[in-house]
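Below: the structure, in structure tokens.
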Amino acid sequence: MTSYYQQVYDLVRSIPEGKVVTYGQIAKLIDRPRYARQVGYALAALPAGHDVPWHRVVNARGEISRRAVSDYEDYQQILLEDEGVEFELNGRIDLKSYQWVPDANH
DNA sequence: ATGGAGGCGCACA
DNA sequence: CTGTGCGCCTCCA
């Protein structure tokens with residue numbers, strides 16, 4: 001079976017441009033509460049040539065998390081800004097405005 | 001099987 | 001709002 005990894009990827013792929021979601025949110029959406037960490041793990045294990053917009057995934061505070069390869073932290077911010085996501089001076093995103101809420105359907 | 005580590009979250013202070 | 005501590009579950013050596 002393809003574990004939850006596939007579910008995470010499918011979900012992340014459905015995130016609309018200019019929007020972001022948190023790890024914990026993804027965990028709940030794939031019916032796996034408390035899997036926030038594993039979501040991060042899944043994204044860290046993304047295979048080459050994938051089509052998953054991992055940059056739209058941030059932590060609960062709306063900031064880009066530290067990761068193994070720090071180079072990608074800046075890259076992630078650039079990608080988001082390129083989609084219209086605004087970052088505050090402290091490097092955070094205003095989740096009220098940019099967090100994607102699947103349910104809302106709005 | 002065991003221990004350490006990992007792109008986090010939540011409760012508290 | 002920020003920093004700290006502990007819990008969650010899986011992966012890897």
Side-chain angles (χ1 to χ4, degrees):
Chain A
M1 55 152 265
T2 48
S3 68
Y4 61 87
Y5 276 45
Q6 198 55 54
Q7 288 181 285
V8 172
Y9 300 154
D10 286 339
L11 189 61
V12 175
R13 261 193 290 264
S14 65
I15 301 174
E17 219 176 275
K19 288 291 182 180
V20 299
V21 295
T22 66
Y23 293 95
Q25 191 181 354
I26 290 177
K28 289 175 185 172
L29 290 174
I30 61 175
D31 197 45
R32 292 287 191 295
R34 309 281 147 15
Y35 261 51
R37 232 163 173 164
Q38 275 45 248
V39 172
Y41 212 106
L43 294 181
L46 274 173
H50 63 76
D51 58 338
V52 181
W54 54 272
H55 57 278
R56 290 175 189 151
V57 186
V58 297
N59 65 26
R61 288 179 176 176
E63 50 189 13
I64 296 175
S65 301
R66 297 285 255 166
R67 71 184 96 194
V69 187
S70 61
D71 299 352
Y72 287 86
E73 289 174 34
D74 294 323
Y75 182 48
Q76 175 168 16
Q77 182 172 336
I78 292 174
L79 288 176
L80 288 175
E81 293 182 320
D82 197 53
E83 295 185 346
V85 176
E86 293 176 46
F87 279 75
E88 297 179 20
L89 295 181
N90 51 24
R92 264 177 270 157
I93 299 171
D94 179 14
L95 290 181
K96 296 198 315 297
S97 308
Y98 298 104
Q99 180 167 41
W100 178 50
V101 186
D103 278 359
N105 202 344
H106 172 48

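Connection of A:Tyr41 to A:Leu29 is established within a shared hydrophobic cluster, with ILVMFWY side chains joined at heavy-atom distances below 4.5 Å, either directly or through further cluster members. Both A:Trp100 and A:Trp54 are part of a single hydrophobic cluster, where members link through side-chain heavy atoms under 4.5 Å apart.
Legend: side chain to side chain donor-acceptor pair (under 3.5 Å) pairs involving residues 14-24 of chain A, not counting sequence neighbours: none detected. Sequence neighbours left out, not one pair with a member in residues 36-49 of chain A passes salt bridge (charged side-chain N to carboxylate O under 4.0 Å, His left out).
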Is there any protein nitrogen or oxygen under 3.5 Å from a nitrogen or oxygen in nucleotides 11-13 of chain C, and what are the pairs?
from: C:dC11; atom 1: O4'; to: A:Tyr41; atom 2: OH; distance (Å): 3.3

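A:Ala42 is linked by a side chain to side chain contact (heavy atoms under 4.5 Å, CB included) to A:Tyr4, A:Tyr5, A:Val8, A:Tyr9, counting only residues two or more places apart in sequence or in another chain. With sequence neighbours excluded, no residue forms a side chain to side chain donor-acceptor pair (under 3.5 Å) with A:Arg61. Every salt bridge (Lys or Arg N to Asp or Glu O under 4.0 Å) that A:Asp94 has, sequence neighbours left out, goes to A:Lys96. With sequence neighbours left out, the side chain to side chain donor-acceptor pair (under 3.5 Å) criterion links A:Arg56 to A:Glu83. Residues meeting the side chain to side chain donor-acceptor pair (under 3.5 Å) test with A:Asp51, sequence neighbours left out: A:Arg13. Looking at residues two or more places apart in sequence or on another chain, you find no side chain to side chain donor-acceptor pair (under 3.5 Å) involving A:Glu63.
Each of A:Gln38 and A:Lys28 lies near DNA chain B, and the nucleotide nearest A:Gln38 is the one positioned closer to the 5' end. Mapped onto DNA chain C by nearest heavy atom, A:Asn90 and A:Tyr35 fall at different nucleotides, with A:Asn90 at the one closer to the 5' end. Each of A:Arg34 and A:Gly40 was assigned the nucleotide of DNA chain B with the nearest heavy atom; the assignment lying further toward the 5' end belongs to A:Gly40.
Rounded to a whole Å, the CG atom of A:Asp74 is 14 Å from the C1' atom of B:dG7. Atom pair A:Asp31:CG and C:dC9:P shows a separation of 13 Å (rounding to whole Å applied). The distance from atom CG of A:Leu80 to atom P of B:dG7 is 18 Å, rounded to the nearest whole Å. In this structure, A:Glu73 places its CD atom 15 Å from C1' of B:dC8, rounding to the nearest Å. Distance, A:Leu46 CG to B:dG7 C1': 11 Å, rounded to whole Å. In this structure, CD1 of A:Ile30 is placed 11 Å from P of C:dT10, rounded to the nearest angstrom. When the P atom of B:dG9 is taken as reference, atom CD of A:Gln99 falls 10 Å away, rounded to whole Å. Atom CD1 of A:Ile93 and atom P of C:dC1 are 15 Å apart (whole Å).
Considering only the side chain of A:Ala36, B:dC8 comes nearest among B:dC8, B:dC10, B:dG7. Looking at the side chain of A:Arg37, the nearest of the listed nucleotides C:dT10, B:dG7, C:dC8 is C:dC8. The side chain of A:Ser65 has B:dC8 as its nearest neighbour among B:dC8, C:dT10, B:dC10. Among the nucleotides C:dG3, C:dT10, B:dG7, the one closest to the side chain of A:Val57 is B:dG7.
Looking only at side-chain heavy atoms (C-beta outward), A:Val58 and A:Gln76 come within less than 4.5 Å of each other.
Base pairing in DNA chain B gives the following stems of 3 or more Watson-Crick or G-U pairs, range against range and under 3.5 Å: B:2-6 with C:9-13, B:8-13 with C:2-7.
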Can you give the donor-acceptor pairs under 3.5 Å from side chains of residues 84-91 of chain A to other protein atoms, not counting sequence neighbours?
from: A:Glu86; atom 1: OE2; to: A:Tyr98; atom 2: OH; distance (Å): 3.2
from: A:Asn90; atom 1: OD1; to: A:Arg92; atom 2: N; distance (Å): 3.1

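Taking a 4.0 Å limit (strictly below) on heavy-atom distances, residues 12-27 of chain A reaches DNA chain B at A:Thr22, A:Tyr23, A:Gly24.
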